[in-house]
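Take a look at the structure set out below.
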Amino acid sequence: MAESWAGFGSAIASFLFLYAMVKDHIPFQLSDYLAAFSRKVLSLINPYDQITINEYHGEYMHRDELYAAAQVYLSDSCSFRARKLKAEVGQESDKPLVTIDDYEEVTDTFGGVRIWWSACMRLPNSKTISFYANDEERKYYKLTFHKRNRKLVEGEYLNHILREGRDMKIRRRQRKLFTNSPSQNWYGNRSSSWSHVAFEHPATFETLAMDPEKKREIIDDLVTFREGKEYYKKIGKAWKRGYLLYGPPGTGKSSMIAAIANFLEYDVYDLELTTVKTNTELRKIFIETTGKSIIVIEDIDCSVDLTGKRKEKKKEKNDEEKEKKPPGMEEQDENSKLTLSGLLNFIDGLWSACGGERIVIFTTNHLEKLDPALIRRGRMDMHIEMSYCSFEAFKVLAKNYLGVEKHDLFDTIQTLLSEVNISPADVAEGLMLKKSRNKNVGACLENLIRVIEAAKEEAKRKAQEELAAKEKEKEESTVKNI
Ligand SMILES: Nc1ncnc2c1ncn2[C@@H]1O[C@H](COP(=O)(O)OP(=O)(O)OP(=O)(O)O)[C@@H](O)[C@H]1O
Ligand SMILES: [Mg+2]
């Protein structure tokens with residue numbers, strides 16, 4: 001048996017040697033035939049298969065998604081095994097991508113199977129000048145693997161590359177802060193209802209001053225949501241979650257949104273409802289958002305007339321207007337407005353399920369002004385109260401702003417904070433102003449004590465004024481009654 005293999009091997013070697021010698025002297029038809037024949041013979045003895053992934057494909061030279069995913073995948077998972085690397089900065093990220101260089105080879109292991117990757121380049125045959133820059137050279141990856149693993153590589157492995165590569169791309173991307181443009185600016189074929197800038201807010205959960213237990217609860221909820229794709233599918237619910245942040249001004253609602261975006265690494269769509277005129281516009285705006293994003297409506301109570309009370313007022317006004325309109329026009333007008341039901345549809349109608357992995361956040365200073373339908377559980381799954389600065393919250397601010405975890409003046413501050421309502425924004429300001437001029441921690445804390453005492457005096461004065469006003473009102477009504 002060994003002898004026959006040796007004989008076969010030497011026959012092939014002789015054939016290849018002879019072929020190389022006479023190759024240039026044989027007619028091209030015969031040369032093509034011999035090349036095809038030798039490929040056939042080689043495939044009989046070669047146990048390895050190959051898959052090519054081209055960078056560009058199709059008539060219009062679209063960049064192949066699998067190639068792009070593989071490029072990022074190789075940069076992250078396999079590039080440490082390569083000796084020749086290249087670094088480049090793409091359009092979607094400002095971080096350099098270090099990946100394997102052209103003609104370099106690396107190996108990867110998946111489910112115990114070895115796969116060889118090589119970065120190849122096909123040089124152009126023709127010498128004509130092409131319209132497309134990419135016609136000059138065609139890059140591609142070549143995957144080589146054992147025949148017996150073909151099913152695994154074609155199915156699971158390529159899907160794994162696509163999934164992992166996409167995820168890595170999302171993690172690497174420059175995150176964006178979008179804002180909706182008024183509908184009169186939506187023109188042209190490629191019109192978009194959103195414009196964006198880079199999202200660079202530095203707030204994180206570490207810098208957010210609030211009750212530690214509440215913070216833990218929110219983080220756990222976010223993690224459960226992020227990892228809940230299969231769970232949401234199983235229970236038949238769209239993969240999205242609503243948070244309602246409420247509380248007085250300066251208590252960290254906007255900072256919390258930034259911290260959530262930074263924690264989940266999502267984009268932020270800041271929806272300005274006052275520029276949205278109709279339900280149809282709202283739907284278009286929604287469809288143009290992507291997954292892994294947070295859709296924010298700040299100060300929802302001030303954004304648009306959505307409360308039951310205001311609706312009634314509006315209805316009366318509309319009745320008057322309707323009288324003046326020609327028949328048939330009233331209904332059309334009603335449909336073309338942004339309504340509460342349009343907004344409810346936006347949050348949890350059929351459209352809300354497209355894309356998945358979205359968080360909707362409303363903020364308000366006046367919870368009582370909101371229509372209960374808008375914030376019922378299921379729409380706004382978690383109601384988070386952002387409250388005045390507690391001692392626990394102060395300790396976070398002191399650590400952030402002054403870098404201290406304890407100080408002799410902390411006891412005085414604790415007592416003062418329990419006596420007065422002061423927002424974390426005011427406490428932060430008290431710590432910061434002084435810090436910029438004087439680096440002394442004690443002086444900063446003393447300044448804060450003065451700020452809190454002033455707030456306490458102010459609160460006392462206001463309470464007295466209110467009391468006096470009430471008493472005056474009472475007196476006046478008694479006089480009237482007499
Ligand atoms: N809980 C907090 N933790 C850390 N910093 C805070 C907190 N609350 C407020 N701040 C500081 O105060 C500033 C204003 O806070 P922020 O804009 O988040 O308040 P807000 O609740 O959104 O107020 P508004 O209701 O007026 O929109 C922030 O830039 C931040 O520096
Ligand atoms: Mg805010």
Side-chain angles (χ1 to χ4, degrees), residues 177-180 197 199-219 221-222 242-264 266 268-274 294-304 359-370 374-375 380 382-405 410 413-414 416-418 420-436 444-445 447-448 451-452 454-455:
L177 170 62
F178 293 85
T179 184
N180 56 311
V197 291
F199 179 77
E200 284 167 344
H201 201 295
T204 61
F205 276 108
E206 284 80 52
T207 62
L208 201 63
M210 67 186 291
D211 176 38
E213 216 166 281
K214 212 152 102 189
K215 202 191 276 189
R216 188 76 259 150
E217 204 184 310
I218 297 166
I219 294 175
D221 195 77
L222 292 170
Y243 295 92
L244 172 72
L245 306 182
Y246 65 96
T251 48
K253 296 178 293 297
S254 304
S255 310
M256 164 75 87
I257 295 170
I260 293 177
N262 285 331
F263 179 72
L264 294 175
Y266 285 4
V268 177
Y269 287 87
D270 188 4
L271 177 54
E272 182 53 67
L273 265 193
T274 46
I294 302 176
I295 303 172
V296 178
I297 306 181
E298 289 247 46
D299 300 318
I300 180 105
D301 52 300
C302 313
S303 297
V304 71
I359 282 179
V360 179
I361 302 183
F362 290 167
T363 73
T364 181
N365 295 139
H366 304 281
L367 184 63
E368 69 289 350
K369 280 193 191 171
L370 299 183
L374 191 62
I375 55 168
M380 289 293 112
M382 204 173 180
H383 293 190
I384 303 167
E385 181 179 8
M386 301 301 288
S387 45
Y388 289 115
C389 195
S390 63
F391 182 60
E392 286 302 321
F394 157 75
K395 283 203 283 192
V396 177
L397 291 175
K399 195 167 167 230
N400 291 344
Y401 285 75
L402 306 176
V404 289
E405 290 188 33
F410 272 24
I413 293 172
Q414 183 171 16
L416 279 170
L417 285 176
S418 65
V420 68
N421 284 338
I422 182 166
S423 71
D426 288 338
V427 172
E429 196 61 25
L431 292 171
M432 202 168 73
L433 273 179
K434 197 73 184 167
K435 175 90 175 148
S436 61
C444 293
L445 292 173
N447 181 61
L448 176 65
V451 169
I452 305 176

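Both ligands and their constituent atoms are indexed starting at 1 by order of listing. These figures come from a predicted structure and were not determined experimentally. By convention here, the first residue in the shown sequence is residue 1. Reckoned from all heavy atoms, side chains included, excluding hydrogens, waters and symmetry mates.
Between Phe410 and Leu445 there is a side-chain heavy-atom pair separated by less than 4.5 Å. Residues Leu244 and Leu367 meet the side-chain proximity criterion, which asks for heavy atoms closer than 4.5 Å. Contact check for Asp270 versus Ile257: no side-chain heavy atoms found under the 4.5 Å cut-off. Residues His201 and Val268 form no side-chain contact, since every pair of their non-hydrogen atoms from C-beta on lies 4.5 Å or further apart. Under the 4.5 Å side-chain criterion, counting only non-hydrogen atoms from C-beta, Asp299 is in contact with Thr363.
Using a 30° and 60° split on the angle between ring planes, Tyr269 and Phe178 fall in the parallel class, below 30°.
By the 6.0 Å contact criterion, CD on Glu213 is open, its count of non-hydrogen atoms from other residues, nucleotides or ligands being 12 or less.
Sorted by chain and number, the heavy-atom contacts of ligand 1 below 4.0 Å come from Thr207, Leu208, Ala209, Pro249, Gly250, Thr251, Gly252, Lys253, Ser254, Ser255, Asn365, Leu397, Tyr401, Pro424, Ala425.
For the pairing with Thr364, the side chain to side chain contact (heavy atoms under 4.5 Å, CB included) check across Leu370, Ile375, Ile297 returns one residue only, Leu370.
Of the possible polar contacts, none joining the Asp211 side chain to the Glu392 backbone as a donor-acceptor pair under 3.5 Å is found.
Neighbours of the Mg ion (ligand 2) restricted to protein N, O or S atoms under 2.8 Å: the count is 1.
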